[in-house]
Protein chains: 2
Amino acid sequence: MPKVSSKVPGVQGCAVERTLSLIDGKWKIVVLYKLLRGTLRFNELRRLIPNVTQRMLTHQLRELEADGLIVRRVYAQVPPRVEYSLSARGRSLEPVLMAMKQWGDTNLSSQGAQAA
Amino acid sequence: MPKVSSKVPGVQGCAVERTLSLIDGKWKIVVLYKLLRGTLRFNELRRLIPNVTQRMLTHQLRELEADGLIVRRVYAQVPPRVEYSLSARGRSLEPVLMAMKQWGDTNLSSQGAQAA
DNA sequence: GCCCATAGTGTCAAAAAGGATACCGTAATG
DNA sequence: CATTACGGTATCCTTTTTGACACTATGGGC
């Protein structure tokens, strides 16, 4: 799906489309999902999402931040410390995430469902 | 987002990811959304979704069908008649669609929300 | 005979998304 | 002194996705 987030101001689609446009990208959902449980640092996210590359994770986090779904807090420490957490707006996506998880658990019978 | 539907059998992600992988693609959501209200013919869908090209619509419909979310019924008529409707599985996605719509309506204040 | 509608398909090309890899500065650790 | 961890950037390349456009068959209307 074509990325829209923070790029095209006048998105034309319906609410559903526009919602989806914020959470597309291969890893955004997972990131949001992980953050649902609490603040995480950059490398914690990397470790939680094994297949994501640094570049991709950075990218997706930047977009999520630009869309106001997550908050990025940088600590002026010497080994850099950057923490990511859901914004209020991001947290409000919980029903959507949960609806997807629910559906997946029910309709895509598989194992790793809870692991995410 | 990379398409997974019916291409890679062993999808690895969590339930949320796998769910999303079925409904990505620029137009799938809209298509499902439109079909929520009832059966539609190919060109009806085209007219309802102004910016979709024939090729894209065909493509997305085929994938949705392959994923068992919609049903394609062809009538052996002379001007071809093909009707698309949601399968039970497709209809079961309603909560997800509605959660997204709800969120969009609430968080992306704009007009065309109900039009979809 | 010509054009329209229906529901596509095929081909080509552009654009976007994603991946691989290398690199940065600093400080602690060995 | 070399290595590791941190949180990235920059560059290049491949794959995926999307779009433009032409083409198909058939039957009916004019």
Side-chain angles (χ1 to χ4, degrees), chain A residues 1-8 11-13 17 20-31 35 39-67 70-85, chain B residues 1-8 11-13 17 20-31 35 39-67 70-85:
Chain A
M1 172 176 294
K3 195 62 42 59
V4 171
S5 47
S6 336
K7 294 176 185 173
V8 182
V11 192
Q12 69 309 356
E17 283 181 271
L20 194 75
S21 79
L22 294 182
I23 56 178
D24 69 353
K26 195 166 185 174
W27 311 102
K28 284 190 187 174
I29 314 289
V30 216
V31 169
L35 289 179
T39 298
L40 289 170
R41 299 179 58 173
F42 184 82
N43 275 353
E44 287 176 329
L45 277 168
R46 275 192 77 186
R47 278 186 287 262
L48 285 173
I49 312 173
N51 295 325
V52 78
T53 60
Q54 214 166 16
R55 185 182 157 289
M56 269 302 109
L57 185 54
T58 303
H59 222 73
Q60 307 274 292
L61 287 169
R62 290 286 188 277
E63 289 194 352
L64 288 169
E65 190 194 3
D67 288 330
I70 64 173
V71 176
R72 178 169 180 266
R73 194 193 301 210
V74 185
Y75 294 84
Q77 297 182 1
V78 178
R81 177 188 190 84
V82 181
E83 285 183 351
Y84 293 91
S85 52
Chain B
M1 174 177 290
K3 194 61 43 58
V4 171
S5 49
S6 336
K7 294 176 185 174
V8 182
V11 193
Q12 66 312 352
E17 281 181 272
L20 193 76
S21 79
L22 294 182
I23 56 178
D24 69 352
K26 195 167 185 174
W27 311 103
K28 284 191 187 174
I29 314 289
V30 216
V31 170
L35 289 179
T39 298
L40 289 171
R41 298 180 58 176
F42 184 81
N43 275 354
E44 288 177 329
L45 277 168
R46 276 192 74 186
R47 279 188 286 264
L48 285 173
I49 311 172
N51 295 326
V52 77
T53 61
Q54 214 165 16
R55 188 180 155 293
M56 268 302 109
L57 184 54
T58 304
H59 223 73
Q60 307 274 291
L61 287 169
R62 290 285 187 277
E63 290 194 351
L64 288 170
E65 192 194 1
D67 288 331
I70 65 174
V71 175
R72 178 169 180 266
R73 192 192 304 209
V74 185
Y75 294 85
Q77 297 182 1
V78 177
R81 176 188 191 83
V82 181
E83 286 184 352
Y84 292 93
S85 52

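Note: hydrogens, waters and symmetry copies are ignored here, and every other heavy atom, side chains too, is used. Naming convention: chains lettered A, B, ... in sequence-line order (proteins, then strands); numbering from 1 in each chain. Predicted model only: the values in this text are computed from it and were never measured.
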Problem set entry | Footprint string (nucleotides 20-30 of chain D, 5' to 3'): B base within contact, S backbone only, - free, heavy atoms under 4.0 Å | B-----SS---
Problem set entry | Arg73(A) atom CZ, over 12 foreign heavy atoms within 6.0 Å |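 For Arg73(A), atom CZ is not crowded (no more than 12 foreign heavy atoms under 6.0 Å).
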Report yes if the side chains of [X] and [Y] come closer than 4.5 Å at any heavy-atom pair, otherwise no.
| X | Y | answer |
| --- | --- | --- |
| Arg46(A) | Asn43(A) | yes |
| Tyr84(A) | Leu64(A) | no |
| Trp27(B) | Leu57(B) | no |
| Asp67(B) | Lys28(B) | yes |

I want to verify a distance call: between [options], whose nearest atom is closest to the [X] side chain?
| X | options | result |
| --- | --- | --- |
| Thr58(A) | dG8(C), dT9(D), dG7(D) | dT9(D) |
| Lys26(A) | dA7(C), dG19(C), dG7(D) | dG19(C) |
| Trp27(A) | dG8(D), dG19(C), dT18(D) | dG19(C) |

[X] [atom1] to [N] [atom2], straight-line distance once rounded to whole Å:
| X | N | atom1 | atom2 | value |
| --- | --- | --- | --- | --- |
| Asn43(A) | dA5(D) | CG | C1' | 8 Å |
| Ile49(A) | dG18(C) | CD1 | C1' | 15 Å |
| His59(A) | dT21(C) | NE2 | C1' | 17 Å |
| Glu63(A) | dG8(D) | CD | C1' | 16 Å |
| Glu44(B) | dG8(C) | CD | C1' | 16 Å |
| Arg41(A) | dG8(D) | CZ | C1' | 13 Å |
| Leu40(A) | dC6(D) | CG | P | 13 Å |
| Lys28(B) | dT16(D) | NZ | P | 14 Å |

Exercise. So which one's nearest nucleotide on DNA chain D is more toward 5', Val74(A) or Val52(B)?
Worked result: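 Upstream on the strand: Val74(A).
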Exercise. Listed by chain and number, what are the side-chain contact (heavy atoms from CB on, under 4.5 Å) partners of Glu44(B), not counting sequence neighbours?
Worked result: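 So Glu44(B) forms a side-chain contact (heavy atoms from CB on, under 4.5 Å) with Leu40(B), Arg41(B), Arg47(B).
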Exercise. For Tyr84(B), which contact category applies under a 4.0 Å heavy-atom criterion: base, sugar-phosphate, or nothing?
Worked result: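 Sugar-phosphate only.
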Problem set entry | Pairwise 5' ranking along DNA chain C for Arg62(B) and Arg47(B), keeping only the more 5' one |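 Result of the comparison: Arg47(B).
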For this session: Quick one: list whatever passes salt bridge (charged side-chain N to carboxylate O under 4.0 Å, His left out) with Arg55(A), sequence neighbours left out.
Result: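 None.
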